[in-house]
Amino acid sequence: MEGVRGSLFAGPALLYTLLFFAVPFAVMAYVSLTPSTGSGGAGLSFANYAAFFERSYFLGAMANSLVVTAIVTVVSILLAYPFAVVLAEVVPERWQRLALALAVLPFWTSYVVRSYSWLLVLSSNGVINKALTGIGLLSEPLDLANSRLATVIGFTHFFVMLLTLTIYANLKQLPPSFRKAAADLGAGPVRTFVHVTLPLTLPGIMTGAFLTFVLCIGDFITPQILGGNNELLMPQLIMLQVGRRADFPMASALSILLMIVVTIAYFACARWLRLERSR
Amino acid sequence: MTRKSRLLALAASVAAITVTTAANAAEELNALVWCDHTDPALIEPFEKAHDAKVNLKVYEGTGAALSIIDQSQPGDWDVLVIDSIDVPRAIDAGILGPLPEDEMPVADIDPTIRMDDQTMRDGKRYAVTEKYGYNTISFNKDKVDPADMEDMTALWGDKYKGKIAVYDYYLPVEGMVAMGLGKKTADLSDSDLPAIRDTLFKLKDNAKLVGDVVSSQTALATGEVDILVGGGEWVTAGLSAENPALDWILPKQGGVRWAQAIGVFKDSKKQKLATEFVKYILSPEGQAKLATSSCYWAMPANEKAGADLTDAQKKALRWDEQPEYVKNSQLYPTPSPELDAKMQDVWTEFLQH
C-alpha cells in the first residue's frame, strides 16, 4: 500500500520528466541520426557526428566553450568564496538577509539587458575606457567589448552570485566548534582555513561549480552580445544550424554532443561528492 | 442593481468579450518580415484603415525565414517579405501564392528593380519588389579618409585594423569580397571559394566585431568602429540627420544590390486582407514610410513614393544618383543549394577565425 501511495506521489514528477525531457530527448536523438540538410544522404547514420569531428570549426567551437566555461568557473569560485565568507562570518546576523538580497540582485534583471549593459560599460566610449583615458592612464581606449574577455566578465558577474549562495549555505552549516577545536590544537587562522574550513566547504563549491558549468556552457545570449561574433561557442554554432540553415539534424547532433559533455561533468562531480562523503 | 439587471450586464459583458475576440481573431494578419516593417508609423495607418491587427515576426536572412516557416503549420503566416533574389526558392517550396497582377503597381517600378525573372513564374506574379539598396561600405568620414574607401581592398589592408565591423550575413559580404577580387556575383562557383575564404580571413583580422543589423549599426553610430563592411544607405541614411559624419560609398569595384519583395503565403486563410496589406505597402504612402522606416532606410521600389518624401529624405536616400548606383552594382549571389551550403561553411569558418 505504501509503495502504491509513493508511486502516486511520484507519478506527476515522472510524467513531467517523461513528457518534457525523455520524449523530446529521444526525438532529438533520432533527428540527429537523420541526414543533414542539403547533404543528399538517406536513412539513419552517425554522419552528423562524424562531420563534427571532421570540421575544425566545429571542434574549435567545443574547445572555445570548454575554455570559456573553465575560466568563468574558476574566476567565479575565486571571487565568490571570499564574498561568501564575509557574508557568513563578518556581516552581523541581522544584516545577512539584506546582504543576501543585495547579492542576488543581478538575478532580478533581464539577462539580455544585463549583457547589453556590460557592452555599454566595456565599449570604447564606455565607462571604463572614458575613466582610464580621462585620468590620463591610457592614451587610446582598450579593446574590452566584443571579445572573449567581455564574455567572461558578463558570465562571471552572474555566476559569482550563484556560487556565493551555495558556498554561503555550506559555511552556515559548519559548526563553529570545528574551528575552535583546531585553534585549541594550535592551528592558526590560515592552517584552520586550509585544513578545516576549505575541505568542509568543498561540496558547496563543487555544487555551485557544476551549476555554473552547466548554465555557462549552454548559454547563447552572453557570448552573442558580448563576444561580437569574434569566436563561436557551441550554443552559437547550434543556433547557426537552426537559424541560418534550417539544419535540425546537425543542430540535434551538436546538442547531443554538448549534453554528453555536461553529463560527463555531472558524473565527475557526483563521483567526487560520493567519495568525499565516504571519507 | 437587481438580479435581472446583473444578469443582463453579465450577458452584455460576455457578448462584448465574444464579439471583441471574434473581431480580433478575424482581423489579425501574421507577417514574417525584415525589421523595417515594424515601424508603427508604417503599420498603424493600415491597421486603422482596415480595423486589423498586424502581428510582425522579424527575421534576418532567408535561411532564418525558411527555418521559421518549416516549424510552422500551413496557414500560420499570411505575408512574407523576402529577398527578391530568393523568391524562386519560396515558389519552389510552395510557400508563396500568386498575386493579382492587375492590382499591383508594377508599372510604377523600374523593370531592373522589379526583377520579374525572380518574382514571376509562368506568367504569374508571386511577389513584388518593395525596397532596395546596397551592401557596400558605410564609414565615419571624420575618422576615415573617403578616398581610401573608393577601393574595396583597403578593407583587408592594415590601415584600418580594429576599426571595422562586418555585417553578419554571408551572401552580401561574400558577394562584396568576390567583387573586390574582380569576380562577378552571378558567376560564383566552388572554385572561387578558396580566394573568398582567404580574403574573408584577412578582413576578420581587421574586424572588431561581426554583427546583425542593429548591433553593426549601433557600433558605427556609437564610434565603436569607423567602418561597416556590408553597410550602405540602410545604415547611414536614417542616422545622417543626427550624425552627418556617417557616409557610405560604392567603391570602384561596385557594391552588392539587395532588393526585398513582398508576397502572400499560398496557405494564408486571409488572402484578401493579406493582398490589401501588400497593396498598402506598395502604395506611394506605404513606400515612403517603408523607405524611411526606423529600423533602416533604403530606396522605395515605387517611383511615385518620391511625392511623399521630403527633399531632405530624398537627399539622404540619394534619390537622384540611383541610376548610376544601379549600374555600378551587382545582385546578390544566387548559389545552388550545394554552393549555398559551402558558402555558409566558409562564413562559419570566418566567424570562427
Side-chain angles (χ1 to χ4, degrees), chain A residues 35-40 51 54-65 112 115-116 119-120 122-126 129-130 140-147 150-151 223-234 236-251 254, chain B residues 59-72 89 93 143 161-171 197 201 204-212 214-216 218-226 335-353:
Chain A
S36 167
T37 306
S39 68
E54 284 162 7
R55 295 181 199 169
S56 61
Y57 53 85
F58 280 174
L59 288 168
M62 182 64 92
N64 289 339
S65 281
V112 176
S115 296
Y116 274 114
L119 197 60
L120 292 175
L122 299 171
S123 68
S124 300
N125 296 317
N129 273 314
K130 283 273 183 199
E140 285 289 313
L142 294 169
D143 278 338
L144 298 172
N146 301 303
S147 63
T151 303
Q224 185 66 17
I225 294 175
L226 292 171
N229 262 333
N230 278 313
E231 64 179 4
L232 290 177
L233 273 59
M234 281 299 280
Q236 291 170 290
L237 196 62
I238 293 167
M239 284 299 288
L240 273 180
Q241 309 309 310
V242 175
R244 290 267 170 88
R245 312 176 85 149
D247 191 349
F248 291 96
M250 182 53 87
L254 295 173
Chain B
Y59 76 90
E60 277 188 38
T62 302
L66 296 178
S67 174
I68 293 166
I69 295 165
D70 201 44
Q71 296 166 64
S72 311
R89 282 171 77 184
K143 309 265 182 69
K161 202 174 177 67
K163 303 290 181 192
I164 294 175
V166 181
Y167 174 43
D168 184 12
Y169 192 8
Y170 70 105
L171 272 178
R197 177 180 172 273
F201 283 4
K204 184 69 183 290
D205 291 338
N206 289 347
K208 198 165 193 180
L209 73 116
V210 184
D212 59 15
V214 177
S215 60
S216 53
T218 306
L220 186 66
T222 58
E224 185 71 14
V225 296
D226 300 330
S336 64
E338 293 75 27
L339 181 58
D340 187 71
K342 286 176 185 165
M343 289 177 78
Q344 293 209 46
D345 284 343
V346 167
W347 192 253
T348 311
E349 281 187 79
F350 162 73
L351 292 175
Q352 191 63 285
H353 178 70

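Lettering follows sequence order; numbering is per chain, from 1.
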Inset, instruction - Could you grab the distance from atom CE of M239(A) to atom OG of S67(B), nearest 0.5 Å is fine? - result: 8.5 Å

Legend entry - A207(B) portion near chain A, given a 4.5 angstrom heavy-atom threshold: backbone

Legend entry - Contacts with chain A made by residues 336-345 of chain B (heavy-atom distance under 4.5 Å), listed by residue number: A341(B), Q344(B), D345(B)

Inset, instruction - Return the option, out of E60(B), K208(B), E349(B), H353(B), with the maximum number of heavy-atom pairs under 4.5 Å with chain A. - result: K208(B)

Inset, instruction - Mind listing the closest non-hydrogen atom pair of Q71(B) and F248(A) along with its distance? - result: NE2-CZ, 3.3 Å

Legend entry - Toward chain B, the part of N64(A) with a non-hydrogen atom under 4.5 Å: side chain

Legend entry - Distance, nearest 0.5 Å, that separates OG of S215(B) from CG of N229(A): 8.0 Å

Inset, instruction - Go through the atoms of L237(A) and report whether side chain, backbone, both or neither lie under 4.5 Å from a heavy atom of chain B. - result: side chain

Legend entry - Backbone N/O of T222(B) and side chain of N125(A): donor-acceptor pair under 3.5 Å: yes

Legend entry - Closest approach of G60(A) to Q352(B) (non-hydrogen atoms, all atoms of both residues): C-NE2, 3.6 Å

Inset, instruction - For N230(A) and V210(B), indicate whether the former's side chain and the latter's backbone hold a donor-acceptor pair under 3.5 Å. - result: no

Inset, instruction - Any chance you could measure W347(B), atom CH2, to R245(A), atom CZ, to the nearest 0.5 Å? - result: 13.5 Å

Legend entry - Straight-line distance of E224(B) CD to L120(A) CG, nearest 0.5 Å: 10.0 Å

Inset, instruction - Could you tell me which portion of Y116(A) (side chain, backbone, both or neither) has an atom closer than 4.5 angstrom to a non-hydrogen atom of chain B? - result: neither

Inset, instruction - Report the option among S56(A), S124(A), G227(A) that has the most heavy-atom pairs separated by less than 4.5 Å from atoms of chain B. - result: S124(A)

Inset, instruction - List in chain and number order the residues that pass side-chain contact (heavy atoms from CB on, under 4.5 Å) with D226(B), two or more places apart in sequence or in another chain; answer none if no residue qualifies. - result: K143(B), V144(B), K163(B)

Inset, instruction - Working to the nearest 0.5 Å, report the span between CG of L240(A) and CG of D168(B). - result: 7.5 Å

